[in-house]
Amino acid sequence: MRWSRTLLATLRDAPQDAEIESHKLMIRAGLMRKLGGGLYTFMPLGLRVLHKIETIVREEMDRAGAVEILMPALQPAELWEKSGRWATMGAGMFRLKDRKEAMMTLGPTHEEVVTDLITREISSYRQLPLTVYQIQTKFRDEIRPRFGLMRSKEFLMKDAYSFDVSLEAADASYQAMFDAYVRIFARCGLSAKPVEADTGDIGGNCSHEFMVLAPSGEDGILDCAACGYAANQERAERRTPAPACVVSGGAAADAATPGSRTIEEVAAFLKMPQARIVKALVYMADGKPVMVLIAGDRELNEPKLKRFLACKTLVMATDAEMAAAAGPAGFAGPVGVQIPVYADLGLKGACDMIAGANRDGFHLLHVDLGRDAVVAAYEDLATVVAGDSCPRCGGELGLRRGIEVGHVFKLGTKYTQAFDSRYLDEKGKNELMVMGCYGIGVSRTLQAVIEQNHDENGILWPASIAPYHVTLLLLDPGDPAVVEAAGRLEAELEARGVDVFVDDREERPGVKFKDADLVGFPIRVVAGAKSLAKGGFEVKRREEKDSLVVAPEATVQTVLTLLGKA
RNA sequence: CGGAGCGUAGCGCAGCCUGGUAGCGCGUUUGGUUCGGGACCAAAAGGUCGAGGGUUCAAAUCCCUCCGCUCCGACCA
């Protein structure tokens with residue numbers, strides 16, 4: 001390909017709405033352009049990278065025994081009503097009507113469609129196990145699309161679904177996908193770490209996320225250097241610490257705290273650590289109020305609470321809901337009577353605490369949890385933070401940021417029950433299939449590669465997914481000898497399966513060097529009157545500083561060697 | 001959804017407070033000089049100043065409404 005014949009414009013400045021380096025570089029290097037919030041057009045070079053990632057994904061899915069299908073993005077609402085997710089998915093789904101007023105959705109995922117399909121197609125244990133996959137556009141009405149392809153309203157996803165005769169068989173299918181994911185990300189030049197994860201809206205009982213460690217990542221990851229435990233912050237557990245105080249301070253008593261509303265203000269006003277304050281939060285779980293108590297210096301982990309309560313929806317109660325459901329919801333009397341109260345494990349046995357008095361301008365001192373509250377259960381409900389103890393070995397946990405590029409789930413029978421997906425076993429009995437589902441954000445993976453592989457001059461593509469392996473800079477496009485030699489090299493490289501991008505523009509050398517670095521081709525070959533006078537082409541790897549002059553007849557071999565193809 | 005900030009040429013920005021000819025850099029076009037790490041000179045094209053309404057002799061500038069983009073988000077609950 002020649003630069004002059006494709007659609008590629010590099011930018012000196014990044015658009016003002018690009019926040020993170022990979023997003024800026026994708027725009028500056030001309031890989032994509034923005035249409036609107038969370039919507040992007042892939043330009044020729046960006047699309048080539050996307051296709052190369054897809055190829056790796058297909059090869060590894062096929063190798064793992066999965067078969068490719070393609071399902072509709074536009075789906076009837078009735079399928080989603082069947083699984084119950086029409087109601088529980090909330091505003092994240094795009095919903096629309098067709099001309100007959102029938103409700104439809106632009107699929108955010110495909111468990112419903114695939115389960116419906118497989119229920120019709122599979123009737124015998126002889127057809128199992130079966131894993132199907134597709135690479136397809138997904139639609140999600142994100143609250144806040146951001147960071148370019150990291151969180152967009154429309155994105156390319158590889159989703160796979162396994163169907164098995166038993167939990168044990170499903171474990172094997174899960175492991176096969178897990179292993180395939182490890183290979184896929186490695187082949188894309190990514191260092192991705194599998195961590196224990198929350199299952200969220202998808203459901204099921206076990207899942208791992210593949211995380212690309214990067215400071216710009218949207219997810220927190222707790223990991224233990226001692227034993228290797230690693231989990232998403234949404235799910236991570238901790239060894240329960242002792243409460244801030246276990247000695248009673250006597251009877252509870254009011255204290256005036258004028259103007260102090262937040263935990264910070266109350267702690268500062270009373271000159272007490274935040275850990276001595278009891279934070280009381282009221283949530284509506286499937287429409288019913290519950291109160292949660294947690295130490296003032298900790299944050300409640302909503303996914304954990306949701307899992308513990310086994311509820312479908314969980315939102316903070318509004319003022320009106322609290323007034324209607326519980327009346328005063330503070331420590332004005334023994335709490336736990338009006339509505340169920342759950343407390344974080346870190347508060348078990350806590351004494352001499354400070355709590356809201358349910359009166360403006362006042363707090364309660366000397367609160368003993370065991371005496372002044374009726375706690376239905378103590379549970380691990382806090383968000384784990386750096387410095388907490390590892391739940392496995394007690395070591396100190398560290399906190400890092402990560403980008404979720406893949407997620408594998410064991411679904412059990414959540415969907416096969418809803419769709420009554422059965423097969424006939426060898427004894428002629430009708431049994432439910434056991435499912436797993438497996439996703440890779442293909443477009444997000446592309447950007448994650450850039451996030452992990454760039455320097456101050458631009459992108460550093462791994463050869464496996466680079467838009468082109470080699471950029472051939474024509475420094476003297478008017479010199480027939482240069483054009484002739486470069487043309488021959490281009491043809492020979494292409495014949496050996498090397499993708500070559502020729503910069504044939506009428507530009508000064510400096511501009512071409514800068515652009516070659518920005519776009520990030522793994523290998524740069526310079527063809528110019530100067531280099532030919534020195535004895536041939538100058539060959540340089542993107543990440544290295546110095547080039548070497550290679551005789552024209554040896555250049556193809558040199559490039560192949562550098563690419564690891566020879 | 002709530003709070004804050006920003007919408008001026010393809011990209012990055014100034015001008016707005018204090019109303020009076022719409023500007024700068026990069027990019028683009030033409031001509032010339034250059035030519036190995038984002039050259040220089042000269043000329044030019046390119047704008048409904050996010051949209052609509054209002055105030056005014058006069059609005060990018062002041063006021064109102066809406067739209068879009070970006071950042072932030074629970075704490076006697």
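Just so you know, these numbers come straight off a predicted model, no measurement behind them. Numbered from 1 within each chain, the chains take letters A, B, ... in sequence-line order.
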Trainee: Does the B:A74 base have a donor-acceptor partner in the side chain of A:Glu302 within less than 3.5 Å?
Mentor: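 A donor-acceptor contact between them is absent.
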Trainee: Would you name the heavy atoms of A:Leu518 and A:Arg28 that are closest together and state the gap between them?
Mentor: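 Residues A:Leu518 and A:Arg28, closest heavy atoms: CD2-O, 3.5 Å.
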Trainee: Going by purine N1 to pyrimidine N3 plus the second Watson-Crick contact, or the G-U wobble pair, all under 3.5 Å, which nucleotide sits opposite B:G46?
Mentor: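 Pairing partner: none.
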Trainee: Using atom C1' of each nucleotide, how far apart are B:C11 and B:G47 to the nearest Å?
Mentor: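 My reading of the C1' atoms in B:C11 and B:G47 gives 15 Å.
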Trainee: With the threshold set at under 4.0 Å for non-hydrogen atoms, list the residues of residues 502-512 of chain A touching RNA chain B in residue-number order.
Mentor: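 Hits under 4.0 Å, by residue number: A:Arg508, A:Pro509, A:Gly510, A:Val511.
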Trainee: By salt bridge (charged side-chain N to carboxylate O under 4.0 Å, His left out), which residues pair with A:Asp141, not counting sequence neighbours?
Mentor: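 For A:Asp141, no residue satisfies salt bridge (charged side-chain N to carboxylate O under 4.0 Å, His left out) once neighbours in sequence are set aside.
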Trainee: Just the rounded figure in Å: distance from P of B:C71 to CE of A:Met150.
Mentor: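 These atoms are roughly 13 Å apart.
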Trainee: To the nearest angstrom, how far is A:Leu35 atom CG from B:G68 atom C1'?
Mentor: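 After rounding, the reported distance stands at 12 Å.
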Trainee: Provide the distance between the two C1' atoms, one in B:A60 and one in B:A22, to the nearest whole Å.
Mentor: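 So the two C1' atoms sit 8 Å from each other.
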Trainee: With RNA chain B as reference, determine whether A:Asp515 or A:His363 sits nearer its 5' end, using the nearest nucleotide of each.
Mentor: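 Closest to the 5' end, via its nearest nucleotide, is A:Asp515.
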Trainee: Please state how far atom CD in A:Gln274 lies from atom P in B:A74, giving the value in whole angstrom units.
Mentor: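 Whole-Å distance recorded here is 13 Å.
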Trainee: Could you work out the separation of B:G37 and B:G31 based on their C1' atoms and round it to a whole Å?
Mentor: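 Taking atom C1' in both B:G37 and B:G31, they lie 27 Å apart.
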Trainee: Any carboxylate oxygen within less than 4.0 angstrom of a Lys/Arg side-chain nitrogen, looking at A:Arg298 and A:Asp344?
Mentor: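 Result for this pair is no, no salt bridge flagged.
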Trainee: The side chain of A:Arg12 is closest to which nucleotide in this list: B:C71, B:A74, B:G27?
Mentor: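 Within the option list, the nearest is B:G27.
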Trainee: Work out which heavy atom in A:Tyr342 is nearest to a heavy atom in A:Leu309; give both atom names and the distance.
Mentor: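 The pair with the smallest heavy-atom distance is CE1-CD2, 3.7 Å.
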Trainee: Given that both distances must come in under 3.5 Å, which nucleotide forms a Watson-Crick or G-U wobble pair with B:C62?
Mentor: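 With both distances under 3.5 Å, B:C62 matches B:G54.
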Trainee: Generate the contact string for nucleotides 5-12 of chain B. Rules: B means base contact, S means sugar-phosphate contact only, - means no protein heavy atom under 4.0 Å.
Mentor: ------SS
Trainee: Using a strict 4.0 Å threshold on nitrogen-to-oxygen distance, state whether A:Glu142 and A:Lys153 make a salt bridge.
Mentor: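 Not counted as a salt bridge, because no side-chain N and carboxylate O are separated by less than 4.0 Å.
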Trainee: Please list, chain by chain and in numerical order, all residues satisfying side chain to side chain contact (heavy atoms under 4.5 Å, CB included) with A:Leu8, sequence neighbours excluded.
Mentor: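 Per chain and number, A:Leu8 pairs via side chain to side chain contact (heavy atoms under 4.5 Å, CB included) with A:Trp3, A:Thr6, A:Leu45, A:Phe501.
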Trainee: Considering only B:A74, B:C69, B:G36, which nucleotide approaches the side chain of A:Tyr283 most closely?
Mentor: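 Of all the options, the side chain of A:Tyr283 is nearest to B:A74.
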Trainee: Over all heavy atoms of both residues, which pair between A:Ile221 and A:Leu213 is shortest? Give the atoms and the distance, please.
Mentor: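 Looks like CD1-CD2, 3.6 Å.
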Trainee: When the C1' atoms of B:G46 and B:U8 are considered, how many whole Å apart are they?
Mentor: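 Per the computed distance, 14 Å lies between those C1' atoms.
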Trainee: Between A:Ser216 and A:Ile403, what is the shortest heavy-atom contact and its length?
Mentor: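 That closest heavy-atom pairing would be OG-CD1, 4.5 Å.
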Trainee: Mind checking if A:Arg33 touches a base, just sugar-phosphate, or nothing, with heavy atoms under 4.0 Å?
Mentor: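 No contact at all - A:Arg33 keeps every heavy atom at 4.0 Å or more from the nucleic acid.
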Trainee: Mind calculating the distance between CG (A:Leu474) and P (B:C35) to the nearest angstrom?
Mentor: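 For the pair A:Leu474 CG and B:C35 P, the rounded distance is 19 Å.
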Trainee: Under the salt bridge (charged side-chain N to carboxylate O under 4.0 Å, His left out) test, which residues partner A:Arg524, sequence neighbours left out?
Mentor: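 In terms of salt bridge (charged side-chain N to carboxylate O under 4.0 Å, His left out), with neighbours along the sequence ignored, A:Arg524 is linked to no residue.
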Trainee: Identify whether any heavy atom of A:Lys34 sits under 4.0 Å from a base atom; if not, whether one sits that close to sugar-phosphate; answer base, sugar-phosphate or nothing.
Mentor: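 Sugar-phosphate only.
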Trainee: Starting at atom CD1 of A:Ile277, determine the distance to atom P of B:C75, rounded to an integer number of angstrom.
Mentor: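 Between P of B:C75 and CD1 of A:Ile277: 14 Å.
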Trainee: Apply side chain to side chain contact (heavy atoms under 4.5 Å, CB included) to A:Asn301 and list each qualifying residue two or more places apart in sequence or on a separate chain.
Mentor: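 Per chain and number, A:Asn301 pairs via side chain to side chain contact (heavy atoms under 4.5 Å, CB included) with A:Pro303, A:Lys304, A:Thr383.
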Trainee: Looking at B:G25, which nucleotide sits across from it as a Watson-Crick or G-U wobble partner, both distances under 3.5 angstrom, or is there none?
Mentor: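 Base-paired to B:C11.
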Trainee: Roughly how many Å is it from CD1 in A:Ile20 to P in B:C71, rounded to a whole number?
Mentor: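 It is 10 Å, rounded to the nearest whole Å.
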Trainee: Has A:Arg444 got its NZ or CZ under 6.0 Å from the middle of the six-membered ring of A:Phe155, at an angle within 45 degrees of the ring axis?
Mentor: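 Geometry flag: not set, cation outside 6.0 Å or 45°.
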Trainee: Does a donor on one side chain sit under 3.5 Å from an acceptor on the other, for A:Glu154 and A:Thr137?
Mentor: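 Side-chain D/A pair, A:Glu154 to A:Thr137: absent.
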Trainee: Taking only the side-chain heavy atoms of A:Leu281 (C-beta and beyond), determine which of B:G38, B:G36, B:C75 contains the nearest atom.
Mentor: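 So the nucleotide nearest the side chain must be B:C75.
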Trainee: When you compare B:A45 with B:G3, how far apart are their C1' atoms, in angstrom units rounded to a whole number?
Mentor: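 The same atom, C1', in both gives a distance of 44 Å.
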Trainee: Heavy atoms under 4.0 Å, any strand shown: does A:Leu300 hit a base, just sugar-phosphate, or nothing?
Mentor: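 Base contact.
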Trainee: Would you mind classifying the nucleic acid contact of A:Ser531 as base, sugar-phosphate or nothing, using non-hydrogen atoms under 4.0 angstrom?
Mentor: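 Base contact - A:Ser531 has a heavy atom under 4.0 Å of at least one base atom.
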Trainee: Does the B:G27 base have a donor-acceptor partner in the side chain of A:Arg28 within less than 3.5 Å?
Mentor: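 For A:Arg28, whose side chain was compared with the base of B:G27, there is no donor-acceptor pair (under 3.5 Å).
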Trainee: Rounded to whole angstrom units, what separation is found between the CH2 atom of A:Trp3 and the P atom of B:G38?
Mentor: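 Taking atom P of B:G38 as the reference, CH2 of A:Trp3 is at 16 Å.
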Trainee: Specify the residue among A:Asp476 and A:Glu299 whose closest nucleotide of RNA chain B lies further upstream toward the 5′ end.
Mentor: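 With A:Asp476 and A:Glu299 compared, the 5'-side residue is A:Asp476.
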Trainee: Can you figure out which of B:G37, B:G38, B:C71 approaches the side chain of A:Arg146 most closely?
Mentor: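 The nucleotide sitting nearest to the side chain is B:C71.
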Trainee: Return the nucleotide paired to B:G31: Watson-Crick means purine N1 to pyrimidine N3 with N6-O4 or O6-N4, wobble means G-U with N1-O2 and O6-N3, both under 3.5 Å.
Mentor: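 Answer to the pairing question: B:C41, which forms a Watson-Crick or G-U pair with B:G31.
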Trainee: Taking CG from A:Leu8 and P from B:G27, how many angstroms apart are they, rounded to a whole number?
Mentor: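 Roughly 16 Å, once rounded to whole Å.
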Trainee: When you compare B:G27 with B:A42, how far apart are their P atoms, in angstrom units rounded to a whole number?
Mentor: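 About 15 Å, rounded to a whole number of Å.
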Trainee: I'd like the P distance from B:A9 over to B:U30, given in whole Å.
Mentor: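 Going atom to atom, P in each nucleotide, I get 24 Å.
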Trainee: Taking any strand in view, what nucleotide pairs with B:G5 in a Watson-Crick or G-U wobble way, both distances under 3.5 Å?
Mentor: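 For B:G5, the partner nucleotide comes out as B:C69, under the 3.5 Å rule.
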Trainee: Can you tell me, in whole Å, how much space there is between the P of B:U29 and that of B:C66?
Mentor: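 Approximately 44 Å lies between the P atom of B:U29 and that of B:C66.
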